[in-house]
Amino acid sequence: MINKIMILALTIYVSVFNLKPANGDLLENKDNEKVEVVKKSSSLTLENGTKKKIILDLELKQKQSILEKEPSTLVVPKATPKVSSGVVYAKTTSALYGIPKSSIVEILSDRSNGKYYYIKYKGKTHYLKKDYLSIPPNPKTDKSIMSNEQVIAYINSMKVTSKTNFIIFTDINRQKTYFIQKNSSGAYKVIKTTLSATGNNVTPTIRGQFAIQSKRTHLIKKGSEINAMYAMQITGAYYYHSVLTNKFDEISDKTVGRRASHGCIRNPMEVAKWAYQTIPIGTTVLIV
């Protein structure tokens with residue numbers, strides 16, 4: 001009988017004073033909240049310091065789990081503040097107007113769909129036929145990313161102002177257009193960014209600072225079934241407009257992200273419509 005009592009007492013002692021929680025057991029912290037225990041080692045005890053460490057370890061694992069489920073919060077996009085000019089350079093095929101053969105000249109704009117060109121050489125402007133120029137093929141689009149903060153920093157560095165609360169900035173090399181708005185405090189913010197399609201090298205988009213002159217819901221080319229919608233005039237025959245459509249206003253060519261146009265700047269249909277409805281006449285345009 002005594003032996004049985006001793007065995008029972010020893011069993012109770014071991015159960016109470018040598019308890020080791022298994023993985024998945026629940027403990028209570030000082031606020032009486034259930035906390036799941038992750039077993040660290042066979043020597044885990046229930047002292048107050050150990051319980052605090054268990055709770056902190058668990059919180060750390062929970063935070064890590066959240067970050068793993070939301071990897072986008074950890075991704076920092078690559079960016080570069082550099083904005084280089086989208087100028088097109090050509091080589092002369094013969095001597096003309098005092099310009100030696102094989103000279104490198106800057107193309108300012110074209111006329112008659114690439115039959116004639118305004119070019120600059122040593123600070124002077126000349127008007128040449130296409131036959132006198134060798135124009136290189138379109139370069140690849142610059143895929144580097146410029147953050148919104150860097151866009152605004154660039155706009156500020158160029159000291160761009162506008163008569164309206166908006167600015168449109170097109171980066172030819174990146175084939176991107178940024179729509180910028182001034183807030184109530186006077187600071188500018190990028191509100192929309194889109195891939196665009198600027199002019200091919202043989203029919204380049206003009207560069208410089210302009211202002212939206214007028215708007216047209218349809219841009220129809222005479223003698224052609226190639227049309228566009230939601231056009232905003234930059235200057236002369238140069239417009240921001242939608243990707244190409246047919247005479248039924250159906251998209252016939254949705255190309256953006258590379259040089260593809262006759263000089264106008266094409267934007268996706270939904271962006272062109274939004275800009276047409278949002279951007280007022282007189283808004284400053286910067287194209288580089």
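Because only heavy atoms are used, hydrogens play no part in the values below, and waters and symmetry mates are left out as well, while side chains stay in.
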- Query: Any sub-3.5 Å donor-acceptor pair from Asn200's side-chain atoms to Val202's backbone N or O?
  - Reply: no
- Examine Tyr127 and Ile107 and state if one hydrophobic cluster contains both, with Ile, Leu, Val, Met, Phe, Trp and Tyr joined whenever side-chain heavy atoms are less than 4.5 Å apart. no
- If you group Ile, Leu, Val, Met, Phe, Trp and Tyr by side-chain heavy-atom gaps below 4.5 Å, do Ile287 and Tyr178 land in one group? no
- Task: Check the hydrophobic clustering (I, L, V, M, F, W, Y; side-chain heavy atoms under 4.5 Å; chains of links allowed) and say if Val105 and Tyr118 are grouped together.
- Result: no
- Query: What distance do Leu244 atom CG and Glu250 atom CD have between them, rounded to the nearest 0.5 Å?
  - Reply: 13.5 Å
- Task: Say whether Val285 and Tyr238 are linked into one hydrophobic cluster, either directly or through other cluster members, by side-chain heavy-atom distances under 4.5 angstrom.
- Result: yes
- Are side-chain heavy atoms of His241 and Met229 found at a separation under 4.5 Å? no
- Report yes if some heavy atom in the side chain of His218 is under 4.5 Å from a heavy atom in the side chain of Thr245; otherwise report no. no
- With distance as the sole test, does Thr93 use its side chain to make a donor-acceptor pair with the main-chain N or O of Asp131 at under 3.5 Å? yes
- Test Tyr188 against Val151 for side chain to side chain contact (heavy atoms under 4.5 Å, CB included), laying out the working first. CA-CA 10 Å; Tyr188 283 111; Val151 170; over 6 Å; no
- Note on the structure: One should read off an interatomic distance between Lys129 NZ and Ser112 OG, to the nearest 0.5 angstrom, of 11.0 Å
- Sub-3.5 Å donor-acceptor pair from the side chain of Thr205 to the main-chain atoms of Gly263, do we have one? yes
- About how many Å separate CG of Leu195 and OG1 of Thr193, when rounded to the nearest 0.5 Å? 9.5 Å
- Message: Donor-acceptor pair, distance only, cut-off 3.5 Å: does the side chain of Ser261 make one with the backbone of Thr198?
- Response: yes
- Message: Run Gln233 and Ile212 through side chain to side chain contact (heavy atoms under 4.5 Å, CB included) and show every step you take.
- Response: CA-CA 6 Å; Gln233 185 185 24; Ile212 296 298; 5.9 Å; no
- Message: Would you compute the distance between atom OH of Tyr121 and atom CD1 of Ile104 and round it to the nearest 0.5 angstrom?
- Response: 9.5 Å
- Message: Any side-chain to backbone donor/acceptor pair from Lys215 onto Ile279? Under 3.5 Å, distance only.
- Response: yes
- Message: Does Ile226 have more than 12 heavy atoms from other residues, nucleotides or ligands lying within 6.0 Å of its CD1?
- Response: no
Counting only pairs under 3.5 Å, give me each side-chain donor-acceptor contact of residues 157-171, with atom names and distances, residues two or more places apart or in other chains.
from   : atom 1 : to     : atom 2 : distance (Å)
Ser157 : OG     : Tyr154 : O      : 2.6
Ser162 : OG     : Thr164 : N      : 3.2
Ser162 : OG     : Thr164 : OG1    : 3.3
Ser162 : OG     : Phe166 : O      : 2.8
Ser162 : OG     : Thr284 : N      : 3.2
Thr164 : OG1    : Phe166 : N      : 3.1
Thr164 : OG1    : Phe166 : O      : 3.4
Thr164 : OG1    : Thr283 : OG1    : 2.8
Thr170 : OG1    : Thr177 : OG1    : 2.9
Thr170 : OG1    : Tyr240 : OH     : 2.8
Asp171 : OD1    : Asn173 : N      : 3.3
Asp171 : OD1    : Arg174 : N      : 3.3
Asp171 : OD2    : Arg174 : NH1    : 2.8

- Without swapping roles, check the side chain of Asn227 against the backbone of Ile220 for a donor-acceptor pair under 3.5 Å. no
- Message: What's the separation between atom CD1 in Ile172 and atom CZ in Arg207, rounded to the nearest 0.5 Å?
- Response: 6.5 Å
- Only counting residues at least two apart or in another chain, list the ones meeting side chain to side chain contact (heavy atoms under 4.5 Å, CB included) with Glu270. Pro268
- Under the 3.5 angstrom rule, does the side chain of Asn267 hit a backbone N or O of Ser196 as a donor-acceptor pair? no
- Item | Spacing of Arg111 atom CZ and Leu128 atom CG [to the nearest 0.5 Å] | 13.0 Å
- Query: Quick one: do Val288 and Ile180 end up in the same hydrophobic cluster if we chain Ile, Leu, Val, Met, Phe, Trp and Tyr together by side-chain heavy atoms under 4.5 Å apart?
  - Reply: yes
- Task: Say whether, by atom type as modelled, one donor and one acceptor occur between the side chain of Thr278 and the main chain of Trp274 under 3.5 angstrom.
- Result: yes
- So with a 6.0 Å cut-off around OH of Tyr276, is the heavy-atom count from everything else above 12? yes
